[in-house]
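Since the structure comes first, as structure tokens, the remarks are kept for the end.
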Amino acid sequence: MKRIGAIVAIGLLAGCSAVGGVTGDRPQAVAAVPSAPGVTAPTERLPTDIRRTTIIVRDMENSLRLYRDVVGMQVNYDTVVETSGVALPAGEPGAKARLVLLNANDSWVGWIGLMEWLDPPIPAGEYPKRMGPGDTVIVMNTDDVEGRCAAAKQVPGVTFTAEARLQVYPGRNGGPDIRVMGCNFFDPDGILIEMNQILE
């Protein structure tokens with residue numbers, strides 16, 4: 001049975017997509033958005049945005065210690081919802097769950113959602129040691145990877161698979177090598193995080 005604690009749903013609770021004053025067309029980011037060398041921006045708008053990844057968590061406050069306090073994301077929505085158990089096949093019909101949405105530098109895409117089933121709770125699945133088909137890796141780019149990786153170690157339930165170290169990848173389309181410092185760890189619910197800082 002697939003572990004419940006690491007269910008990831010994209011676009012969960014679409015009716016919440018207009019929170020924080022975001023409605024209609026995609027808003028512009030507040031600050032300049034970095035680009036990836038060798039990736040050409042589309043000349044026409046593509047049909048789909050990947051808005052959010054939502055993680056079912058064991059302990060909301062502990063997960064917030066990681067995503068809000070260590071990663072530095074901003075909470076933009078925090079409420080208790082009643083779930084059907086059907087559209088999102090988790091928990092019992094009519095169960096109450098706390099839903100918290102966090103954004104990074106974009107007001108429309110790249111969000112993380114956290115959901116904790118409160119009444120009744122969902123039993124926690126087995127914490128993973130290895131990954132396999134259907135598992136998820138969330139890749140983040142940050143400003144101070146060594147400091148944030150060190151802080152992540154202090155969050156209960158975080159398990160490191162690799163310390164911060166230099167990694168070099170071939171450039172896109174014959175461009176220069178891509179150099180990043182990065183660490184890897186499982187979050188408190190078994191989602192693998194790759195936290196990087198792109199180097200000049």
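All values below were derived from every heavy atom in this structure, side-chain atoms included, with hydrogens, water molecules and symmetry-related copies excluded.
With rounding to the nearest 0.5 Å, the separation of CD in E116 from CG in L99 is 12.0 Å. Atoms CG and CD, from D69 and Q154 in turn, are 13.0 Å apart once rounded to the nearest 0.5 Å. Annotation: the span from D189 atom CG to L114 atom CG amounts to 8.5 Å, rounded to 0.5 Å. Separating the CG atom in N62 from the OH atom in Y67 is a distance of 11.0 Å, to the nearest 0.5 Å. A distance of 5.0 Å separates CD1 of I112 from CD1 of I55, quoted to the nearest 0.5 Å. Between the CG atom of L64 and the CG atom of D78 there is a distance of 7.5 Å, given to the nearest 0.5 Å.
R52 places no side-chain N or O within donor-acceptor distance of the main-chain N or O of L102, the cut-off being under 3.5 Å. With hydrogens and angles disregarded, a donor-acceptor distance shorter than 3.5 Å links the side chain of D106 to the backbone of W108. Distance alone, capped at 3.5 Å, is enough to place a donor-acceptor pair between the R165 side chain and the G182 backbone. Distance alone, capped at 3.5 Å, places no donor-acceptor pair between the Y77 side chain and the G113 backbone.
Closest heavy-atom contact between M115 and A97: CE-CB, 3.7 Å. The two residues C183 and A164 come nearest to each other via the heavy atoms CB-N, 3.6 Å. Residues R65 and P156 share a closest heavy-atom pair of NH1-CD, 3.2 Å. Counting all heavy atoms, side chain and backbone alike, I178 lies closest to P170 at CD1-O, 3.9 Å. When every heavy atom of D144 is checked against every heavy atom of Q197, the shortest pair comes out as CA-OE1, 3.7 Å. Residues I122 and G91 share a closest heavy-atom pair of CD1-N, 3.7 Å.
Cluster membership for L88 and W111, using ILVMFWY side-chain heavy atoms within less than 4.5 angstrom, is shared. Hydrophobic clustering places F160 together with L66 (ILVMFWY residues linked when any side-chain heavy atoms are closer than 4.5 Å, directly or through intermediates). Cluster annotation: M140 and V75 are assigned to the same hydrophobic cluster (Ile/Leu/Val/Met/Phe/Trp/Tyr, side-chain heavy-atom contacts under 4.5 Å, transitive). With hydrophobic clusters built from ILVMFWY side chains whose heavy atoms lie under 4.5 angstrom apart, V81 shares a cluster with L101.
P120 is listed as a side-chain neighbour of E92, based on a closest heavy-atom distance under 4.5 Å. Put simply, the side chain of N141 reaches to within 4.5 Å of the side chain of I198, judged on heavy atoms.
A 6.0 Å sphere centred on CD of E194 holds more than 12 heavy atoms belonging to other residues, nucleotides or ligands.
Between F186 and the choices V158, T161, I193, the side-chain contact (heavy atoms from CB on, under 4.5 Å) rule is met once, by T161. With I138 as the partner, the side-chain contact (heavy atoms from CB on, under 4.5 Å) test is satisfied by one option alone out of D187, V71, I191: I191.
If you check the side chains of N76 and Q74, you find no donor sitting under 3.5 Å from an acceptor.
Checked for salt-bridge contact, R148 and D143 meet the test: a charged N lies under 4.0 Å from a carboxylate O. The pair K96-E82 counts as a salt bridge, with a side-chain nitrogen and a carboxylate oxygen less than 4.0 angstrom apart.
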### Query
What's the verdict on side-chain contact (heavy atoms from CB on, under 4.5 Å) for V100 and R68, showing C-alpha distance, side-chain angles and the deciding distance?
CA-CA 11 Å; V100 176; R68 179 193 61 204; over 6 Å; no
### Query
When you look at L199 and L166, which way does the side-chain contact (heavy atoms from CB on, under 4.5 Å) test go after all the steps?
CA-CA 9 Å; L199 304 177; L166 175 65; 3.7 Å; yes
#### Entry: Working for side-chain contact (heavy atoms from CB on, under 4.5 Å), residues N196 and Q167
CA-CA 9 Å; N196 289 333; Q167 300 169 86; 4.0 Å; yes
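Relative to the six-membered ring of F185, K153 misses at least one condition, a distance below 6.0 Å or an angle of at most 45° to the axis.
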